[in-house]
Amino acid sequence: MNIDQLLREQFGFDSFRPGQRETIESILSGHNTLSMLPTGTGKSLCYQLPAYLLQGAVIVVSPLLSLMQDQTEQLKRRGEKRVIALNSFLQYEEKNAALANLNRYKFIFLSPEMLQIPQVIQALRQLQVSLFVVDEAHCISQWGYDFRPDYRLLGNVRNELGSPLTLALTATATEKVRNDILNGLQLHTVKEWVFSVNRPNIAVHVEKLQDQMDKQARLIELVSFFQKPGIVYFSGRRAAEEAVHHLKQAGVERTAFYHGGMDAGDRLLIQHQFLTGELDVVCATSAFGMGINKENVRFVIHYHMPPQMESYLQEIGRAGRDGNPSAAVLLYVPGDEKLHEFIAEMEFPDDGQIRQMTEHGIAARDVQPPLSETQTRFAVHYKQEAERKNINPFRYISQKREYLLERKAIKRKEIVMWLSAEECRRAGYMRLFNEKRAEQQQCCDVCGVSLAAFQEKTVITRSEHREHWRDLLARLLPEK
DNA sequence: CGATGGCCTACTATTAGGCCATCGGTGCAATAGT
């Protein structure tokens with residue numbers, strides 16, 4: 001059966017979306033493949049379809065449990081029963097049973113952390129693995145160094161599994177990040193399919209504001225004004241919660257916040273309500289995003305800038321997947337980038353803490369002041385690496401921290417330069433991906449596009465919506 | 001760093017200001033206790 005027939009008969013689609021055919025043919029001709037496909041292209045088809053033409057199991061490494069659940073359910077709905085997600089949702093006995101019978105499954109979903117368990121590797125080694133898939137592969141570069149170091153060990157895992165044919169999928173990765181992915185996976189020969197990061201139907205705006213009060217007021221004005229649904233991104237949980245409060249006072253009722261501090265049930269509820277259209281606006285931290293497949297998001301506002309351009313593009317890419325005009329607005333108050341500086345520094349142990357672990361033999365959990373989970377993971381990971389390489393652990397860990405902080409500082413500088421430049425926004429971000437901007441309508445604020453086109457289409461009768469935002473603010477917020 | 005919230009004080013009855021402490025993101029797996 002050829003891939004077009006399979007697409008029709010097994011998946012019920014008439015034609016491939018951009019990049020799917022290239023990726024699938026590349027895999028089927030036996031090439032390790034890295035595909036950067038536009039958001040909303042249907043990346044999962046790129047491994048699901050070839051799975052039926054290859055002998056053996058497909059291993060899918062996924063960053064989030066919720067993504068794994070989505071994918072397994074999607075497959076099961078289509079009638080594929082040979083699917084399992086090996087994760088902490090499984091009870092001890094269930095996990096053992098699954099590991100003992102892995103050859104029953106065609107699709108095996110795992111987290112990078114699971115792939116560090118010897119028992120799991122042992123079981124996978126008994127299998128014929130036809131394809132090793134790394135979904136959201138930019139996580140190797142973005143999360144792998146500090147937040148989830150097990151991402152950086154996927155190359156070793158792949159070797160232990162006999163270096164199977166490999167597919168890395170992502171929507172947003174600069175050349176540097178793509179190299180990072182290839183190095184991380186220890187892929188030497190690879191076919192790369194890189195499609196444009198540009199999303200021509202998204203108008204990109206940056207607005208500079210005087211202070212936080214102005215910004216708050218502008219947010220309320222924009223959200224009230226814009227065609228919905230939309231997403232507002234914040235760098236802090238509390239800021240997201242407060243914005244919901246203010247928006248509701250301003251008459252935007254169907255709005256809720258979403259962040260990593262909420263319990264799983266609440267998060268699922270909000271996500272579901274947004275997808276089904278019960279909510280118009282979600283005020284979220286970066287926790288909200290991966291796996292949000294909603295076609296008709298009309299705007300993405302950044303109340304705080306993200307820590308780097310890739311995150312920004314990833315986040316605005318959640319707008320306009322249906323191809324209709326959508327708006328991305330970044331609100332910037334000079335100094336906003338400081339927040340990310342502090343968040344970054346918080347992530348790493350200081351020299352005193354590292355010294356306790358390396359030179360005084362104190363266990364990570366007994367270090368004073370106590371280490372966060374992320375700090376512990378970072379320190380333990382690189383201590384082990386230093387010991388393996390037989391070099392001074394204190395200096396190694398300390399240098400790693402400085403290197404990563406510097407890397408993050410460079411990324412921050414990049415996005416600050418971008419939003420401060422008086423150059424076409426689109427030309428600016430496309431250059432980071434070695435692309436040239438094509439002429440287009442609805443480009444950006446520098447090119448002179450007005451946000452008026454994105455106004456809510458329903459007739460606004462509530463009088464407060466016609467107030468100037470300063471009057472609105474004065475009424476809503478107590479005097480300073 | 002910088003925004004915010006709680007607390008104290010002053011000194012008079014309700015609120016204002018100053019000071020200090022706190023907080024600031026992303027998630028896996030495993031574990032303890034209900």
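Order of the sequence lines fixes the chain letters, A, B, ..., with proteins taken first and strands second; residue numbering starts at 1 for each chain.
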Smallest heavy-atom separation, A/L165 atom then A/I27 atom, equals CD2-O, 3.5 Å
Should the heavy atoms of other residues, nucleotides or ligands under 6.0 Å from CD of A/Q126 be counted, would the total exceed 12?
yes
Between A/D350 and A/Q375, do the side chains contain an N or O donor and an N or O acceptor separated by less than 3.5 Å?
no
Under 4.0 angstrom, heavy atoms only, what part of the nucleic acid is A/E242 near: base, sugar-phosphate, or nothing?
sugar-phosphate
For nucleotides B/dC23 and B/dA29, find the distance between their C1' atoms and express it as a whole number of Å.
27 Å
How far, in whole Å, is B/dC20 from B/dA10 if one measures between their P atoms?
15 Å
Here the distance between atom P of B/dC1 and atom NE2 of A/H304, to the nearest Å, is 18 Å
Tell me the interatomic distance from A/Y145, atom OH, to B/dG27, atom P, rounded to whole angstroms.
21 Å
With a 3.5 Å cut-off and no angle check, do the side chains of A/N156 and A/Q186 form a donor-acceptor pair?
yes
Apply side chain to side chain contact (heavy atoms under 4.5 Å, CB included) to A/A363 and list each qualifying residue two or more places apart in sequence or on a separate chain.
A/R365, A/D366
A/Q142 has an atom CD; how far is it from atom P of B/dG27, in whole Å?
13 Å
Per-nucleotide protein contact along nucleotides 28-34 of chain B, 5' to 3', at a 4.0 Å heavy-atom cut-off (B base, S sugar-phosphate only, - neither), is BSS----
Mind calculating the distance between OH (A/Y151) and P (B/dT26) to the nearest angstrom?
16 Å
Using the C1' atom on both, measure B/dT26 against B/dT31 and round to a whole Å.
23 Å
Mind checking the C1' distance from B/dC11 to B/dT15? Whole angstroms is fine.
12 Å
CA sep, side-chain torsions, deciding dist, call: A/H259, A/T285, side-chain hydrogen bond (donor to acceptor under 3.5 Å, both in side chains):
CA-CA 5 Å; A/H259 57 64; A/T285 61; 5.8 Å; no
Applying salt bridge (Lys or Arg N to Asp or Glu O under 4.0 Å), which residue pairs with at least one partner in residues 265-283 of chain A are found, sequence neighbours left out?
A/R254-A/D280
Measuring only the C1' atom in each nucleotide, how far is B/dA30 from B/dC8? A whole number of Å is fine.
45 Å
Which dot-bracket string fits DNA chain B when only Watson-Crick or G-U wobble pairs with both atom distances under 3.5 Å count, crossing pairs get [ ], and | stands for a partner on a different strand?
(((((((((......)))))))))..........
Side-chain donor-acceptor pair under 3.5 Å between A/T172 and A/Q314, yes or no?
yes
Calculate the interatomic distance between A/H245 atom NE2 and B/dG5 atom C1'; express it in whole Å.
15 Å
Distance check needed: B/dG2 P versus A/H340 NE2, whole Å only.
15 Å
Review item, nucleotides 22-25 of chain B N/O atoms under 3.5 Å of protein N/O:
{"residue": "B/dG25", "atom": "OP1", "partner": "A/R237", "partner atom": "N", "Å": "2.8"}
{"residue": "B/dG25", "atom": "O5'", "partner": "A/S235", "partner atom": "O", "Å": "2.7"}
{"residue": "B/dG25", "atom": "O6", "partner": "A/I343", "partner atom": "O", "Å": "3.3"}
{"residue": "B/dG25", "atom": "O6", "partner": "A/E347", "partner atom": "OE1", "Å": "3.0"}
{"residue": "B/dG25", "atom": "O6", "partner": "A/E347", "partner atom": "OE2", "Å": "3.3"}

Centre of A/Y145's six-membered ring, under 6.0 Å away, within 45 degrees of the axis: is that where NZ or CZ of A/R152 sits?
yes
Euclidean distance, atom CD of residue A/Q212 to atom P of B/dG5 [Å, nearest integer]
14 Å
Rounding to the closest angstrom, what is the interatomic distance between B/dC28 and B/dC19 at atom P?
45 Å
Considering residues, nucleotides and ligands other than A/R78, do more than 12 of their heavy atoms fall under 6.0 Å from its CZ?
yes
Suppose we call two aromatic rings close when their centres sit under 6.0 Å apart. Are A/F433 and A/Y429 close by that rule?
no
What ring pair (Phe, Tyr, Trp, His ring centres under 6.0 Å) pairs are there with at least one residue in residues 265-298 of chain A, not counting sequence neighbours?
A/Y258-A/F288, A/F274-A/F288
